[in-house]
Amino acid sequence: MKRLGIIISGRGSNFEAIARNIRAGNIPDAEIAIVIANRESAAGLEIARELGLKAICLPSKGIDREAYDAQLIGELNDHQVDLVCLAGYMRLLSPPFIRAFPMRILNIHPSLLPAFPGLDAQHQAFEYGVKVTGCTVHFVDEHLDHGPIVLQAPVDVLPTDTAETLSSRILAEEHRIYSEAIRIVLSGRFRVEDRRVILED
Ligand code: GRF
């Protein structure tokens, strides 16, 4: 059984989709070992507890990044986590954290990277006027929204869209591809050549 550690800051809908896909048997041989939020107000914590999962808050406010990340590493290792999934985690990770889990950290980002990294990617894309945007699951490296890409899904921007309607269609695709990417990574049926993740499925 592969053990996932999920790190969130807020709503937790991507985490919930992963949890439900595991329950539905769509991510074989996986379990969620721990959900960690860096804010007590993260709604995802309550969802995790309702699902009967271990969920803790490690407040990050006012704590130096490396000191905080050392706490995170400690919790993840205590729970023998094989794969770390960032799901709406709103802090940058320090190099020691990345080195503690080499090619074992995934993130979901609501744009087709490398377009629109950073905050509010859906709004950035909407304001820019692109016709197609989407979402990306990638390995995490030391740069923001940058590591090798596992999966992407496109979403058309419609003439009738607002940033909110666009965001909600992107979110539906996020919920689909994050679980699929986790399934692929846990299966080990891929290799990485430079930046390219080559799927063997
Ligand atoms: C998602 O749009 C995700 O792509 C981004 O942060 C948001 C988190 O939403 N990284 P949720 O907490 O999973 O509902």
Side-chain angles (χ1 to χ4, degrees), residues 4-24 26-27 30 32 35-39 41-48 50-51 53 83-93 105-141 143-186 190 195-199 201:
L4 304 184
I6 301 198
I7 310 184
I8 63 172
S9 292
R11 183 174 57 180
S13 73
N14 275 286
F15 144 64
E16 183 173 6
I18 295 164
R20 295 201 184 280
N21 273 315
I22 289 175
R23 291 214 169 161
N26 297 331
I27 311 176
I32 294 175
V35 179
I36 304 174
N38 69 318
R39 298 174 183 153
S41 59
L45 279 176
E46 193 50 41
I47 298 171
E50 278 165 16
L51 288 168
L53 296 168
L83 183 67
V84 178
C85 300
L86 308 182
Y89 179 56
M90 301 302 285
R91 271 168 75 99
L92 273 178
L93 291 168
I105 312 168
L106 291 176
N107 182 43
I108 179 106
H109 183 75
S111 74
L112 293 176
L113 290 172
F116 311 119
L119 289 177
D120 274 335
Q122 308 95 323
H123 287 82
Q124 290 186 53
F126 184 76
E127 298 293 333
Y128 194 92
V130 295
K131 301 296 186 197
V132 181
T133 181
C135 51
T136 303
V137 180
H138 64 95
F139 286 104
V140 173
D141 67 10
H143 307 285
L144 178 68
D145 298 327
H146 177 266
I149 291 170
V150 182
L151 286 179
Q152 293 187 300
V155 174
D156 286 338
V157 182
L158 306 177
T160 50
D161 264 331
T162 61
E164 287 65 38
T165 57
L166 178 61
S167 298
S168 74
R169 287 205 314 290
I170 295 171
L171 191 63
E173 288 300 284
E174 294 183 40
H175 293 168
R176 187 175 66 76
I177 70 166
Y178 208 172
S179 292
E180 178 62 7
I182 292 168
R183 187 188 67 72
I184 291 167
V185 170
L186 292 183
F190 69 95
R195 285 194 48 88
R196 299 193 310 130
V197 178
I198 299 168
L199 307 184
D201 262 346

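Owing to the predicted nature of the structure, the values given are computational and were not obtained by experimental measurement.
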Would you give the length of the straight line joining atom [atom1] of [X] to atom [atom2] of [Y], rounded to the nearest 0.5 angstrom?
X      : Y      : atom1 : atom2 : result
Ser41  : Glu46  : OG    : CD    : 12.5 Å
Thr136 : Asn107 : OG1   : CG    : 9.5 Å
Leu112 : Cys135 : CG    : SG    : 7.5 Å
Ile47  : Ser13  : CD1   : OG    : 7.5 Å
Ile182 : Ile108 : CD1   : CD1   : 9.0 Å
Leu171 : Gln122 : CG    : CD    : 8.0 Å

Check whether any side-chain heavy atom of [X] lies under 4.5 Å from a side-chain heavy atom of [Y], and answer yes or no.
X      : Y      : value
Leu93  : Leu86  : yes
Val150 : Glu180 : no
Val84  : Tyr89  : no
Leu186 : Leu4   : yes
Leu151 : Leu199 : yes
Leu51  : Arg20  : yes

Has [X] got a side-chain atom pairing as donor or acceptor with [Y]'s backbone, closer than 3.5 angstrom?
X      : Y      : answer
Gln152 : Ile177 : no
Gln124 : Leu119 : yes
Ser179 : Asn21  : no
His109 : Phe116 : yes

Checklist entry - salt bridge (charged side-chain N to carboxylate O under 4.0 Å, His left out): which pairs involve residues 110-133, sequence neighbours left out? => result none
Item to check | Contacts of Asn38 that satisfy side chain to side chain donor-acceptor pair (under 3.5 Å) - sequence neighbours left out | outcome: Ser9, Ser60
Checklist entry - Got a sec, which residues hit side chain to side chain donor-acceptor pair (under 3.5 Å) with Glu50, two or more places apart in sequence or on another chain? => result none
Of the non-hydrogen atoms in [X] and [Y], which two are nearest, and what is the gap between them?
X      : Y      : value
Pro110 : Thr133 : O-OG1, 4.5 Å
His138 : His146 : CE1-N, 3.7 Å
Gly147 : Asp141 : CA-OD2, 3.5 Å
Tyr178 : Leu106 : OH-O, 3.0 Å
Asp145 : Gly118 : OD2-N, 2.8 Å
Asn14  : Ala87  : CB-CB, 4.1 Å

Item to check | Residues forming a side-chain contact (heavy atoms from CB on, under 4.5 Å) with Asp161, sequence neighbours excluded | outcome: Phe126, Val157, Leu158, Thr165, Leu166, Arg169
Item to check | Residues forming a salt bridge (charged side-chain N to carboxylate O under 4.0 Å, His left out) with Arg176, sequence neighbours excluded | outcome: Glu173
Checklist outcome for this item: With sequence neighbours left out, the residues meeting salt bridge (charged side-chain N to carboxylate O under 4.0 Å, His left out) with Arg11 are none
